[in-house]
Structure formats: C-alpha cells, structure tokens
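Have a look at the structure below, then the notes.
Below, all heavy atoms of this structure are taken into account, side chains as well, without hydrogens, waters or symmetry copies. None of these values were measured; they are calculated from a predicted model. Atoms within a ligand are numbered from 1 in the order they appear, just like the ligands themselves.
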Amino acid sequence: MKTSFLSEIGRRTEEPPISWLMSLRLSHPRVISLAAGFTDQETLPHTETLALLEDIFHDIPRAKAALQYGSTQGDLELRDLTTRRIHTADAGKSAKKLPEVYSPGRMILSHGSQQSLYLVCEALCDPGDIVLVEDPTYFVFLAIAQSRGIDCRGIPLTSEGPDLASLEAKLEGLKRTGEIKRVKMLYLVSYFQNPSSITASLEKKAAAMKLVKKYERAAGHPIFVLEDAAYRELRFSGQDVPSLLTVPGAADRLIYSGTFSKPFASGIRVGFSLLPEPLLTTCLRLKGNHDFGTSHILQQILSRAISTGVYDKHLELLHDRYRAKAAVMGTALVEHMPASCQWPEPHGGLYFWVSLPETTQAGRTSPFFKAALKADVFYVPGELCYADDPTREKPHHEMRVSFGGASIGDIAEGVKRLGAVAKKMCR
Ligand SMILES: Cc1ncc(COP(=O)(O)O)c(C=O)c1O
C-alpha cells in the first residue's frame with residue numbers, strides 16, 4: 001500500500017497489538033481467550049442500566065440534557081461525584097469540602113481513560129521525547145507512545161512498585177548522555193498493574209516521584225508522573241493504598257487517571273483524570289478538537305448509578321465474582337502448569353502474570369504461542385508489555401492471562417489447555 005502521502009504520524013503508526021489480538025479472536029471462533037481484559041460478561045449490569053435509563057428518560061429536563069451535547073470538560077455532577085469517590089478512597093472517610101487537589105475543576109471526563117492517556121501524551125510529548133514506564137507495562141499505552149514517536153524506557157518492577165535503584169540509575173544514565181532534557185514523564189499503573197497485578201506501595205510511588213523531581217533541574221523542565229489507577233476499585237482482598245494525590249506537594253506534577261469501564265461496564269466508555277495546570281487547559285483544548293465532550297448520555301447513566309447506590313452495589317457483586325474467578329484460575333494454574341512456572345497472587349484487577357522458565361519463549365511468533373492457538377487457547381504474550389528500550393533485552397518468557405471476560409468453565413479449561421502446552425514445551 002502506498003503511504004507516502006500520509007502524515008508523519010499516519011505513516012509511523014503501526015497496527016496496535018490490541019487490534020491483532022482482537023482479529024485473532026475473530027479468526028479463531030472456537031478459541032478460549034484468556035487474553036482480553038474484558039469485564040465479566042455474566043454480571044454486566046443490564047437490568048440496572050435499563051432502570052437507570054428509564055429514570056433518566058422519565059425526567060424530561062434530565063432526558064433532554066442527556067440527549068444534548070454536554071461540555072468538553074464533562075458533566076459537573078459526575079465530576080463532583082467522581083472526585084468525592086477518589087477523596088473518600090484516599091482519606092478513608094468522606095468530607096463535605098474537598099481539598100483543592102480533588103476539586104472537580106481539575107478533572108476532565110474522557111472517552112474511557114484511554115483517551116486521557118492519549119491526551120496527556122499529546123499535550124506533553126513531541127517525537128523523540130522520553131517517557132519512563134514500568135517493565136512490564138500496559139501495552140496499549142506503549143502503542144500510543146509508538147504512534148506519537150515517544151521513546152519509552154523501562155524501569156523494572158519489584159513486588160511493591162518501581163525499583164528505585166534502577167530508576168535512579170536510568171535517570172543518571174540519561175543525565176550523562178544529555179537525554180534527560182527529553183524526559184517528560186514517568187507512567188505508573190499503580191493498582192493491580194496491567195499486566196503484573198502488582199500494587200505499588202505509597203512509599204515506593206512517592207519515592208519514585210521524589211526521585212524524578214530531583215532531575216528536573218538537569219531536564220530544564222517539569223517531569224510529570226502519570227498515576228494510572230484503572231483497576232483501583234477492583235480490589236477483592238486486602239486494604240486500599242492511598243494514591244499519590246495524598247502526598248503533600250505532589251499535585252502540581254501529578255496526573256491521576258481512572259475509569260468507570262472496569263468497575264461498572266466497559267461498554268460505557270467514561271474515564272477521568274485530575275490534572276495540574278498547564279496540562280489541564282492544554283488537554284481541554286485538545287479534547288475540544290477530538291470530540292468537544294464525552295458522550296453525555298453515558299455520563300448521565302454513571303451519575304445516576306453512583307448517586308443511587310447502584311454503582312457500589314454492582315461493585316460489591318464484581319468483587320465477589322472476581323475473587324471467585326481468580327481462585328478458579330489460581331487453582332487451575334497450580335494444577336496444570338509445570339512447577340517451573342511462577343506467578344504472583346493477584347488481590348484485585350483481572351490478571352495473572354505467568355513466568356515460564358527463561359529459556360522458554362512465549363512471544364507472538366513463538367512455537368509456544370502457535371501450539372496454544374492450535375489447542376484453542378490464547379493469552380497476551382508478555383513481550384508486548386515491554387517498551388522497545390535499546391538499553392536492555394526484552395524478556396520473551398512471560399504471559400498475561402485474564403480471568404475477566406472468560407466464563408468460570410472456560411477459565412478452568414483454558415488453563416488446562418495452556419498447561420498441556422507448557423508441560424510439552426517448557427525447558
Ligand atoms: C492500565 C490501563 N489503563 C487504562 C485502560 C483504558 O481503559 P478504559 O479506556 O476502558 O478506561 C486500561 C484498559 O484495559 C488499562 O488496562
């Protein structure tokens with residue numbers, strides 16, 4: 001296909017791995033997909049959503065507002081409800097008057113949190129700029145970076161968040177080469193990380209933020225931290241961890257993003273972000289050009305769901321459901337995978353991150369992946385979750401398996417099939 005007439009970004013943008021995974025599913029209809037980060041199919045809140053819509057449409061001014069354009073920033077009622085939820089999670093109790101950091105005026109509602117991630121990259125980074133990401137990280141974020149010509153560099157993860165010694169060594173190295181001037185942001189998926197399921201401790205993420213700030217003088221500009229809390233509300237065991245918004249003085253360098261997709265319904269594409277100036281104004285201008293506002297009716301559904309308690313009730317149901325599904329997947333992994341494979345136990349989110357022996361390649365072109373497809377099961381090859389960082393080798397021996405979208409029966413059967421492949425191929 002001739003592409004020379006396309007824009008620079010049009011020519012540069014490769015097929016995102018998410019499109020490849022989706023087309024794989026369509027071309028293999030019998031396959032059990034443990035790849036998709038879909039939400040649980042059986043518990044999707046269809047009767048609740050129908051009742052919410054009826055509520056909205058029986059109130060004529062509300063109905064007309066829902067069917068009209070909203071604002072670029074998003075519905076004030078939903079921004080107010082959302083910032084209150086974040087504050088309550090962080091403070092452990094609700095407050096009448098929110099601290100300024102949680103002000104609805106600092107929030108943008110977006111088309112999924114994916115749009116927030118895109119807007120931030122668009123507002124902050126030129127081609128050649130550097131974003132530090134976790135090793136591994138959310139692969140669709142890497143696709144945004146690829147498209148926009150952003151250079152991502154990986155920081156290894158520990159069981160409590162980014163490895164601080166490696167982060168410091170990376171920043172020092174970038175300072176030595178002069179590339180620090182291109183470092184714009186550190187991207188952290190801090191709750192039940194996609195793909196590793198690790199939740200960063202407040203101490204680790206605060207220390208990472210402090211460390212990055214130390215290099216601002218050498219960079220000659222602010223270096224932001226994007227805390228992606230997409231899975232925060234999906235905790236099914238243990239205690240919530242406060243976000244970076246609770247760290248004094250952090251707010252002017254922090255972008256906090258989250259979503260209603262995972263905790264309610266992924267078809268209701270509404271996400272949110274809290275941003276400092278000048279990013280807030282810049283992202284609003286960019287969003288004005290993207291769509292001048294997220295679907296108003298979807299925002300109204302969520303406002304009603306939260307204010308009537310339907311949202312929290314559904315969340316409780318989801319916690320029980322994911323706890324049960326994670327247990328089925330965990331048991332099946334123990335039963336079927338060879339003893340040489342390892343994974344951390346998730347306490348929330350949607351994923352198990354399985355490491356095969358380092359000598360076993362499980363990437364998208366590997367015999368392992370092909371054998372799994374032949375056995376009618378597939379997963380996200382872990383290699384997709386690593387940035388193309390020239391300073392280290394990418395691992396190829398990991399896979400992300402999700403208990404989100406698959407039924408309980410398919411989870412057990414899918415892991416059994418994967419286990420059979422692994423027993424043959426793990427060296
Ligand atoms: C870490 C992370 N961030 C953001 C998103 C975007 O989700 P949404 O656009 O549905 O809010 C996802 C989706 O899987 C994700 O895993």
Side-chain angles (χ1 to χ4, degrees), residues 16-19 21-22 25 33-40 44 74 78 82 85-86 107-122 131 133-145 152 157 161-162 185-200 205 225-235 243-244 255-274 283 287 290-291 294-295 298-299 301-302 311 315 318 322 346 348-353 379-380 382 384-387 400-406:
I18 188 93
S19 309
L21 285 165
M22 282 174 163
R25 176 91 172 98
S33 171
L34 301 178
F38 280 24
T39 43
D40 183 54
L44 283 171
L78 184 56
T82 309
R85 286 186 76 78
I86 302 169
M107 175 167 278
I108 299 179
L109 297 173
S110 51
H111 186 81
S113 57
Q114 192 64 29
Q115 188 188 35
S116 296
L117 304 183
Y118 194 92
L119 286 170
V120 168
C121 288
E122 195 178 15
V131 172
V133 298
E134 292 155 314
D135 248 355
T137 188
Y138 172 42
F139 65 94
V140 193
F141 180 84
L142 292 177
I144 298 176
C152 286
L157 263 180
M185 186 165 79
L186 169 66
Y187 172 62
L188 301 177
V189 183
S190 51
Y191 296 87
F192 317 114
Q193 202 239 20
N194 179 2
S196 70
S197 271
I198 286 170
T199 294
K205 35 188 196 184
V225 175
L226 170 48
E227 176 166 29
D228 179 344
Y231 297 89
R232 183 174 187 180
E233 292 200 300
L234 294 191
R235 176 180 286 280
S243 75
L244 278 170
I255 304 131
Y256 177 90
S257 84
T259 183
F260 293 114
S261 295
K262 308 286 181 190
F264 194 66
S266 36
I268 299 183
R269 308 280 295 122
V270 180
F272 48 86
S273 51
L274 280 164
C283 286
K287 184 166 165 65
H290 278 238
D291 59 16
T294 299
S295 160
L298 298 183
Q299 295 180 60
I301 293 172
L302 285 165
Y311 181 90
L315 204 47
L318 271 190
Y322 288 140
L350 300 177
Y351 311 110
F352 276 83
W353 179 242
Y379 56 87
V380 171
L384 299 179
C385 307
Y386 288 90
R400 189 196 81 177
V401 283
S402 171
F403 49 85

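At a heavy-atom distance under 4.0 Å, no atom of Gln193 approaches ligand 1. Counting heavy atoms closer than 4.0 Å to ligand 1, residue Ser113 contributes atoms from both its backbone and its side chain.
Not a single heavy atom of Phe260 sits under 4.0 Å from any atom of ligand 1. Contact annotation: Gln115 has no heavy atom less than 4.0 Å from any atom of ligand 1.
In this structure, the protein non-hydrogen atom closest to atom 16 (O) of ligand 1 is Tyr231 OH, 2.5 Å. Shortest contact from atom 11 (O) of ligand 1 to any protein heavy atom: Thr259 OG1, 2.5 Å. The protein non-hydrogen atom at the shortest distance from atom 8 (P) of ligand 1 is Arg269 NH1, 3.3 Å. The single protein non-hydrogen atom nearest to atom 14 (O) of ligand 1 is Lys262 NZ, 2.9 Å, given as residue, atom name and distance.
Of the possible polar contacts, one joining the Glu227 side chain to the Leu244 backbone as a donor-acceptor pair under 3.5 Å is found. Under a 3.5 Å cut-off, the side chain of Arg400 and the backbone N or O of Ala35 do form a donor-acceptor pair.
For Thr199, the side chain to side chain contact (heavy atoms under 4.5 Å, CB included) partners at least two apart in sequence or on another chain are Tyr191, Phe192, Arg235, Val241. Applying the side chain to side chain contact (heavy atoms under 4.5 Å, CB included) criterion to Pro346, with sequence neighbours excluded, gives Ser197, Phe352, Phe403.
The side-chain contact (heavy atoms from CB on, under 4.5 Å) test with Thr259 is passed by exactly one of Ser273, Ser116, Ser113: Ser113.
Comparing heavy-atom distances from atom 3 (N) of ligand 1 across Leu117, Val189, Asp228 singles out Asp228 as nearest. For the residues Tyr191, Phe141, Phe272, Tyr138, the heavy atom positioned nearest atom 13 (C) of ligand 1 is part of Tyr138.
Counting only N and O atoms by type, the side chains of Thr294 and Lys287 include a donor and acceptor under 3.5 Å apart. Looking at Thr39 and Ser266, their side chains do bring a donor and an acceptor atom within 3.5 Å of each other.
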